[in-house]
2 protein chains.
Amino acid sequence: MGKNHKKLLNNLEELRRSANLTQQELSESAEVSRKSINAIENGIYVPSTVLALKIAKTLGCKVEDLFKLP
Amino acid sequence: MGKNHKKLLNNLEELRRSANLTQQELSESAEVSRKSINAIENGIYVPSTVLALKIAKTLGCKVEDLFKLP
DNA sequence: ATTCAATGTAACGCAAACTTACCATCATTA
DNA sequence: TAATGATGGTAAGTTTGCGTTACATTGAAT
């Protein structure tokens, strides 16, 4: 990421819970490790665009719904 | 990017031209280097989510409009 | 209370994103 | 012709995304 980019706000946990999915289930749908989902929810890092698109698709929302610029 | 992720299709150049912006101008709006914009347009790499959000915002569209899963 | 599913955490490593900087090409224009 | 602006190539270096493995904690529920 570029120097001046600030961290994003994310609603992943909330939207995942609304969809009644566990981290495990979401990770399988999005074809990533559970660790990645877990780390994203906890703000350890922001996912790549590919991953963000897959998660949004799985949850039936837009990338913009999941992550917001500060 | 994760192992199994395929490259995205992208419409960046088309949308940038529609907005009448040069690579330089877009890069300034999105606070990244011109090389990054250039590399994304040419499929060298896919931007991070932060960058994708900034570009989409600058171009008045959604991340989903810019990049599509194969 | 014990069990079991769900979640959190940490260390290590590789691949990808992103930067800076310099150079080439092509089109336009002074 | 020279100069300027937009784009594309290359390359080295740093940071971050993400996987893997393995273990700890929490909470629910029977």
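Side chains included, hydrogens not; waters and symmetry mates left out as well; all remaining heavy atoms used. Chain letters run A, B, ... following the sequence lines, proteins first, then strands; residues in each count from 1. No experiment lies behind these values; they were computed from the predicted model shown.
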Cationic N near anionic O, under 4.0 Å, B:Arg16 to B:Glu25: no
In plain terms, say whether A:Glu64 and A:Lys68 are close enough for a salt bridge, that is, a side-chain N and a carboxylate O under 4.0 Å apart. no
[X] has an atom [atom1]; how far is it from atom [atom2] of [N], in whole Å?
X	N	atom1	atom2	result
A:Lys54	D:dG17	NZ	P	18 Å
A:Tyr45	C:dA17	OH	P	14 Å
A:Leu26	C:dG8	CG	C1'	16 Å
A:Phe67	D:dG17	CZ	P	11 Å
A:Leu12	C:dA6	CG	P	16 Å

A:Ala39 vs B:Ile37, nearer the 5' end of DNA chain C by closest nucleotide: A:Ala39
Looking at residues at least two apart in the chain, or sitting in another chain, which of them share a side chain to side chain contact (heavy atoms under 4.5 Å, CB included) with A:Ser27? A:Gln24, A:Val32, A:Arg34, A:Ile37
Quick one: list whatever passes side chain to side chain contact (heavy atoms under 4.5 Å, CB included) with A:Lys57, sequence neighbours left out. B:Leu69
Looking at A:Ser48, I'd like to know whether one of its side-chain N or O atoms comes within less than 4.0 Å of OP1 or OP2 on C:dA17. no
Quick one: which of A:Ile55, A:Val46, A:Leu26, A:Leu66 gives a side-chain contact (heavy atoms from CB on, under 4.5 Å) with A:Ile40? A:Ile55
Set out, line by line, the N/O atom pairs under 3.5 Å between protein and nucleotides 7-13 of chain D.
{"from": "D:dT7", "atom 1": "OP1", "to": "B:Arg16", "atom 2": "NH1", "distance (Å)": "3.1"}
{"from": "D:dT7", "atom 1": "OP2", "to": "B:Gln23", "atom 2": "N", "distance (Å)": "2.8"}
{"from": "D:dG8", "atom 1": "OP2", "to": "B:Gln23", "atom 2": "NE2", "distance (Å)": "2.5"}
{"from": "D:dG8", "atom 1": "OP2", "to": "B:Asn38", "atom 2": "ND2", "distance (Å)": "2.8"}
{"from": "D:dG8", "atom 1": "O6", "to": "B:Arg34", "atom 2": "NH2", "distance (Å)": "3.2"}
{"from": "D:dG9", "atom 1": "N7", "to": "B:Lys35", "atom 2": "NZ", "distance (Å)": "2.9"}
{"from": "D:dG9", "atom 1": "O6", "to": "B:Lys35", "atom 2": "NZ", "distance (Å)": "3.3"}

Could you tell me if the side chain of A:Asn38 sits less than 4.5 Å from the side chain of A:Ile44, heavy atoms only? no
